[in-house]
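Below is one structure, written out as structure tokens, with a few remarks after it.
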Amino acid sequence: MKSLTDLTFDNRFARLGDAFSTHVLPEPIAEPRLVVVSTAAMTLLDLDPSEAESEVFAQLFAGHKLWNEAEPRAMVYSGHQFGSYNPRLGDGRGLLLGEVLNDAGEHWDLHLKGAGQTPYSRMGDGRAVLRSSIREFLASEHLQALGIPTSRALCVTASSTPVWRERKESAAMLLRLAQSHVRFGHFEYFYYTQQHEQLKQLGEHVLRCHFPACLEQDAPYLALFREVVERNAELIARWQAYGFCHGVMNSDNMSILGITFDYGPYAFLDDFDANFICNHSDDSGRYSFSNQVPIAQWNLAALGQALTPFVEVDALRETLGLFLPLYQAHYLDLMRRRLGLLTADEADEALIQRLLQLMQGSAVDYTNFFRELGDSSPQQALARLRDDFRDLAGFDAWAADYRARVASEAEAETGSQEARRTRMHAVNPKYILRNYLAQQVIEAAEQGDYAPVRELHAVLSQPFDEQPGYERYAERPPQWGKHLEISCSS
Ligand code: AMP
Ligand code: MG
């Protein structure tokens with residue numbers, strides 16, 4: 001275990017030079033105080049958890065102090081936002097402080113979000129508000145615990161620095177960790193500005209640092225694209241299986257590593273709704289829950305376009321064609337597990353679709369349904385869940401087919417409900433990050449009370465475990481919490 005001063009830096013992205021990023025110092029926020037910290041994220045840096053209690057911790061992560069070896073840089077990128085190309089984006093309010101090399105030989109980017117203005121801030125103030133910083137923190141560490149690839153969050157620091165959004169709020173900083181902050185939009189930037197030499201440098205950096213196995217292939221860039229397609233197929237399958245709605249799937253918010261990245265107005269489904277739009281600013285529903293699948297493919301096509309200087313279009317197109325079948329296979333696999341099935345049957349896809357339609361028609365809670373399905377024997381669980389459905393005939397028909405499907409599996413003969421329950425609870429969370437829960441702890445934190453956000457973070461870090469005394473966090477939203485309007489403004 002290390003102290004904060006023992007970290008080893010190896011700033012590979014900074015060394016790419018000024019075509020890729022600009023040196024900018026963080027602008028500190030006033031009277032910093034630590035809101036919440038992830039000890040799990042601290043271990044990625046080999047940091048001793050007690051380091052979070054030191055005074056220098058909040059100072060470092062509020063822009064007041066900097067390691068000597070840090071090289072703070074704002075990265076340049078572009079990207080497609082809501083389908084239109086924006087030629088110049090970049091880190092407008094976040095800085096890559098440097099890359100920490102841990103004892104396992106992994107590099108972790110330290111990215112300080114809300115660190116002040118940069119050459120890429122456009123009209124923005126370079127700040128992040130406490131509300132959105134807490135939301136990103138909670139989601140990052142919760143998705144990780146759910147087994148969904150994601151950037152990580154080390155801590156949030158609050159301040160007395162005022163920030164104006166729809167109302168007066170206060171500035172905060174989030175320390176984000178990821179093995180890379182390269183987005184699809186980085187490739188698009190160098191492609192559309194016709195800087196093909198830099199595009200190649202970027203590609204080689206990504207291959208060398210993050211996809212070394214692709215360098216062994218005959219066509220490394222095609223292998224890279226294939227890897228990104230595969231990772232995204234799996235990532236989106238996990239989002240869809242667990243009801244996660246990202247909200248702003250612009251190509252600049254898509255990580256080259258295939259991890260969930262740049263949290264904004266995200267939401268987990270409460271009631272199942274395939275058409276759910278979590279982003280209040282998304283009028284057309286481009287990023288609705290069910291659209292996430294075709295939109296991911298659309299974004300991959302945008303990345304593929306940026307790789308055309310290195311790879312034949314036909315080969316890229318063929319590789320892109322792998323996305324949907326791979327997605328579908330992962331999704332079915334996850335949903336079968338959520339239903340407690342051990343084997344695959346051709347009729348499973350229809351069984352799953354019928355269930356989702358029934359849930360949609362009756363506004364059934366997506367998380368609790370699966371958890372309760374594993375709580376007791378199929379017969380007992382279905383009898384209890386039946387009350388939640390309006391189309392009783394439809395539900396009964398589905399339940400009969402589901403019971404027959406469960407009975408068709410070998411385990412039915414051994415008859416161990418205990419094993420089924422353990423297996424299902426290991427994939428069906430009891431606790432999910434519901435927007436109303438986030439809202440409650442944000443309101444407390446805005447009043448200076450950080451105990452609720454810390455407790456919620458702790459509960460959501462063990463989402464599959466029964467946590468006696470904390471059952472209230474598994475409850476469906478109250479009326480006020482059902483339709484919270486979350487916008488891009490953060
Ligand atoms: P986002 O919607 O957070 O993914 O951000 C889109 C772009 O706007 C990125 O280039 C951000 O760096 C930039 N941006 C967002 N908020 C701010 C802000 N408050 N100040 C400066 N730039 C911002
Ligand atoms: Mg972004």
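Since this is a predicted model, take the numbers as computed values, not measurements. Remember, it's 1-based here, ligands and their atoms both numbered in the order they're listed.
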Do F268 and Y366 have ring centres separated by under 6.0 Å?
-> no
Out of R93, M75, E136, K113, whose heavy atom is nearest to atom 16 (N) of ligand 1?
-> R93
So between G92, S490, G94, S78, whose heavy atom ends up nearest atom 12 (O) of ligand 1?
-> G92
Side chains of V441 and H457: does their closest heavy-atom pair fall under 4.5 Å?
-> no
Minimal heavy-atom distance between F323 and V293, with the atoms involved, is CE2-O, 3.4 Å
Would you say atom 3 (O) of ligand 1 has a protein heavy atom nearer than 4.0 Å?
-> yes
Check ligand 1 against G126 and write out every atom of the ligand that is under 4.0 Å from a heavy-atom position of the residue.
-> 18 (C), 19 (N), 20 (N), 21 (C)
Should the pair Y85 and Y192 be assigned to parallel (<30°), tilted (30 to 60°) or perpendicular (>60°) ring geometry?
-> tilted
Answer with side chain, backbone, both or neither: which part of R165 has a heavy atom less than 4.0 angstrom from an atom of ligand 1?
-> side chain
Is any N, O or S atom of D252 under 2.8 Å away from the Mg ion (ligand 2)?
-> no
Short N/O distance, under 3.5 Å, between Y120 and ligand 1?
-> no
The Mg ion (ligand 2) to D262: nearest N/O/S atom name = OD2
Which of the atoms of ligand 1 are close to N253, meaning less than 4.0 Å from one of its heavy atoms?
-> 4 (O)
Identity and separation of the nearest protein heavy atom to atom 6 (C) of ligand 1 = Q81 NE2, 4.1 Å
Could a heavy atom of G264 be found less than 4.0 Å from some atom of ligand 1?
-> no
Does R176 make a cation-pi contact with F261, if we ask for NZ or CZ under 6.0 Å from the ring centre and within 45° of the axis?
-> yes
cation_pi(R338, F370) dist<6.0 Å, angle<=45 | yes
Checking heavy atoms under 4.0 Å, the part of Y263 that sits near ligand 1 is neither
Give a yes or no on this: more than 12 heavy atoms of other residues, nucleotides or ligands lie within 6.0 Å of atom NE2 of H64.
-> yes
Counting heavy atoms under 4.0 Å, the part of V248 that contacts ligand 1 is neither
Do Q292 and Y287 have a side chain donor and acceptor closer than 3.5 Å?
-> no
Subset of ligand 1 atoms that lie under 4.0 Å from at least one heavy atom of R127 | 19 (N)
Within 4.0 Å of atom 19 (N) of ligand 1 (strictly less), any protein heavy atom?
-> yes
Considering the heavy atoms of Y77, write down every atom of ligand 1 situated less than 4.0 Å from one of them.
-> 9 (C), 10 (O)
Go through ligand 1 atom by atom and flag the ones less than 4.0 Å from a non-hydrogen atom of G90.
-> 9 (C), 10 (O), 11 (C), 12 (O)
Answer with yes or no whether the side chains of H330 and R238 bring together a donor and an acceptor at under 3.5 Å.
-> no
Can you find a protein heavy atom under 4.0 Å from atom 8 (O) of ligand 1?
-> yes
Could you verify whether a donor N or O on one side chain and an acceptor N or O on the other, from T150 and Y263, lie under 3.5 Å apart?
-> yes
Element-labelled atoms of ligand 1 that are located less than 4.0 Å from some non-hydrogen atom of D262 = 4 (O)
For ligand 1, is there an atom lying under 4.0 Å from some heavy atom of Q117?
-> no
Which residue supplies the protein heavy atom nearest to atom 5 (O) of ligand 1, what is that atom called, and how far is it?
-> D252 OD2, 5.0 Å
Mind checking whether F310 and Y221 have ring centres under 6.0 Å apart?
-> yes
Taking both backbone and side chain into account, is any N, O or S atom of N250 nearer than 2.8 Å to the Mg ion (ligand 2)?
-> no
For atom CZ of R33, is the number of surrounding heavy atoms from other residues, nucleotides or ligands below 6.0 Å larger than 12?
-> yes
Would you say the side-chain atoms of D91 pair up with the backbone N or O of M75, donor to acceptor, closer than 3.5 Å?
-> yes
List every atom of ligand 1 that sits less than 4.0 Å from any heavy atom of R122, numbering the atoms from 1 in the order shown and giving each element.
-> 7 (C), 8 (O), 10 (O), 13 (C)
May I ask you to establish whether R135 and Y266 are in a cation-pi arrangement, using a distance under 6.0 Å from NZ or CZ to the six-membered ring centre and at most 45° from the ring axis?
-> yes
